[in-house]
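First the structure, in the form of structure tokens, and then the observations on it.
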Amino acid sequence: MKQYKMRRGEHLDDRMPDLKGSIEEYFGDVTDTEEYDGHELYVVEDPDNPVFKRIVAGAAEYGSKKDKLAVHFEERPAEEVIAEGNADAAADAVDAKNEFLLEATGRDAKSRRDSLKREVEDDAPDY
């Protein structure tokens with residue numbers, strides 16, 4: 001499960017007031033909810049795009065801190081997707097993930113990568 005920060009000064013509720021509706025718009029019908037680390041997240045068991053096996057997404061609320069977007073994209077093996085003739089769906093899956101994350105966080109893929117790198121560097125022990 002990855003957690004994404006919003007852009008400075010922005011909040012998830014402001015960017016996506018109807019988070020469940022946005023998840024359904026990008027990936028398909030929400031069929032269930034699942035608890036992760038004390039947060040209630042939405043589950044899409046049968047996503048519209050055949051590349052995805054299952055998607056779990058929602059707000060990770062931390063009281064005194066800003067909320068983060070918690071997301072887990074479970075994908076099917078590439079060989080399986082290609083064997084079914086759905087190779088074109090892979091590009092659509094990448095676009096859907098990036099557009100969803102951009103709309104939710106206000107950060108493009110490069111900015112999200114840079115932010116994750118900084119978090120890893122911050123967690124590195126000092127020698």
Side-chain angles (χ1 to χ4, degrees):
M1 182 78 55
K2 287 188 179 178
Q3 293 189 16
Y4 297 93
K5 297 179 187 177
M6 305 306 111
R7 250 189 338 206
R8 186 173 302 225
E10 295 185 356
H11 299 273
L12 184 57
D13 287 344
D14 297 335
R15 295 201 58 85
M16 284 188 161
D18 180 16
L19 183 56
K20 180 181 178 185
S22 295
I23 292 168
E24 289 181 332
E25 182 181 318
Y26 279 96
F27 305 111
D29 293 335
V30 169
T31 53
D32 200 3
T33 59
E34 184 176 288
E35 188 174 315
Y36 169 76
D37 219 13
H39 310 292
E40 196 72 21
L41 307 177
Y42 299 110
V43 178
V44 180
E45 288 290 349
D46 187 24
D48 293 341
N49 189 306
V51 170
F52 299 119
K53 188 182 280 186
R54 183 172 187 259
I55 297 170
V56 180
E61 300 168 0
Y62 291 103
S64 63
K65 293 184 190 176
K66 281 180 24 176
D67 296 350
K68 293 183 178 182
L69 177 70
V71 185
H72 175 69
F73 296 104
E74 189 174 323
E75 297 179 4
R76 296 174 47 222
E79 303 82 32
E80 191 178 307
V81 173
I82 292 168
E84 291 176 356
N86 291 321
D88 294 345
D92 294 339
V94 170
D95 289 345
K97 281 195 300 190
N98 282 328
E99 288 171 16
F100 173 73
L101 292 171
L102 175 61
E103 183 179 340
T105 66
R107 296 170 156 211
D108 62 8
K110 182 180 182 322
S111 174
R112 292 191 305 269
R113 267 192 311 276
D114 290 346
S115 178
L116 289 173
K117 282 182 193 174
R118 282 191 302 275
E119 282 182 24
V120 170
E121 289 169 356
D122 291 345
D123 291 343
D126 293 330
Y127 292 103

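We number each residue from 1, following the sequence as shown. Everything numeric in this text was worked out from a predicted model, so none of it was measured. Atom set for the values below is all heavy atoms of this structure, side chains included, hydrogens, waters and symmetry mates excluded.
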*Report the residues that fulfil salt bridge (charged side-chain N to carboxylate O under 4.0 Å, His left out) with E84, sequence neighbours left out, ordered by chain and then residue number.*
R76
_Least distance between heavy atoms, I82 atom then A87 atom_ = CG1-CB, 4.3 Å
*Begin from the C-alpha positions of K97 and E75 and carry the test side chain to side chain contact (heavy atoms under 4.5 Å, CB included) through to its verdict.*
CA-CA 12 Å; K97 281 195 300 190; E75 297 179 4; 2.7 Å; yes
*Distance, nearest 0.5 Å, that separates CG of N98 from CD of E103*: 13.0 Å
*Picking from K5, R15, R107, what satisfies side chain to side chain donor-acceptor pair (under 3.5 Å) with E10?*
R15
*Kindly give the heavy-atom pair with the smallest separation between A89 and N49, and that separation in Å.*
O-ND2, 3.1 Å
*According to the salt bridge (charged side-chain N to carboxylate O under 4.0 Å, His left out) rule, which pairs have a member within residues 37-62, sequence neighbours left out?*
E34-R54, E45-R54
*F100/I55 under side chain to side chain contact (heavy atoms under 4.5 Å, CB included): CA gap, chis, key distance, verdict*: CA-CA 12 Å; F100 173 73; I55 297 170; over 6 Å; no
_Taking M16 as the starting point, is it possible to reach L69 by hopping between hydrophobic residues whose side chains are less than 4.5 Å apart?_
yes
*Output the distance between atom NE2 (H39) and atom CG (D67), rounded to the nearest 0.5 Å.*
9.0 Å
_Nearest heavy atoms of V44 and D29, plus distance in Å_ = CG1-O, 3.5 Å
*What pair of heavy atoms forms the shortest contact from L12 to A59, and how long is it?*
CD2-CB, 3.7 Å
_Straight-line distance of D18 CG to E24 CD, nearest 0.5 Å_ = 8.0 Å
*Who passes side chain to side chain donor-acceptor pair (under 3.5 Å) against D108, sequence neighbours left out?*
none
*Kindly work out whether a path of hydrophobic side-chain contacts (I/L/V/M/F/W/Y, heavy atoms less than 4.5 Å apart) joins Y4 to I23.*
yes
*Taking a hydrophobic cluster as the set of Ile, Leu, Val, Met, Phe, Trp and Tyr residues connected by side-chain heavy atoms closer than 4.5 Å, whether directly or through intermediates, do Y26 and V56 fall within one such cluster?*
no
*Just wondering, more than 12 heavy atoms not from Y42 lying within 6.0 Å of its OH?*
no
_If hydrophobic clusters are built from ILVMFWY residues whose side chains come within less than 4.5 Å, do V71 and L102 share one?_
no
*Give a yes or no answer on whether the side chain of N86 reaches the backbone of V51 with a donor-acceptor pair at less than 3.5 Å.*
no
*Any link between L41 and F52 through a network of hydrophobic side chains (Ile, Leu, Val, Met, Phe, Trp, Tyr) touching at under 4.5 Å?*
no
*OG-CG distance between S111 and L101, expressed to the nearest 0.5 angstrom*: 11.5 Å
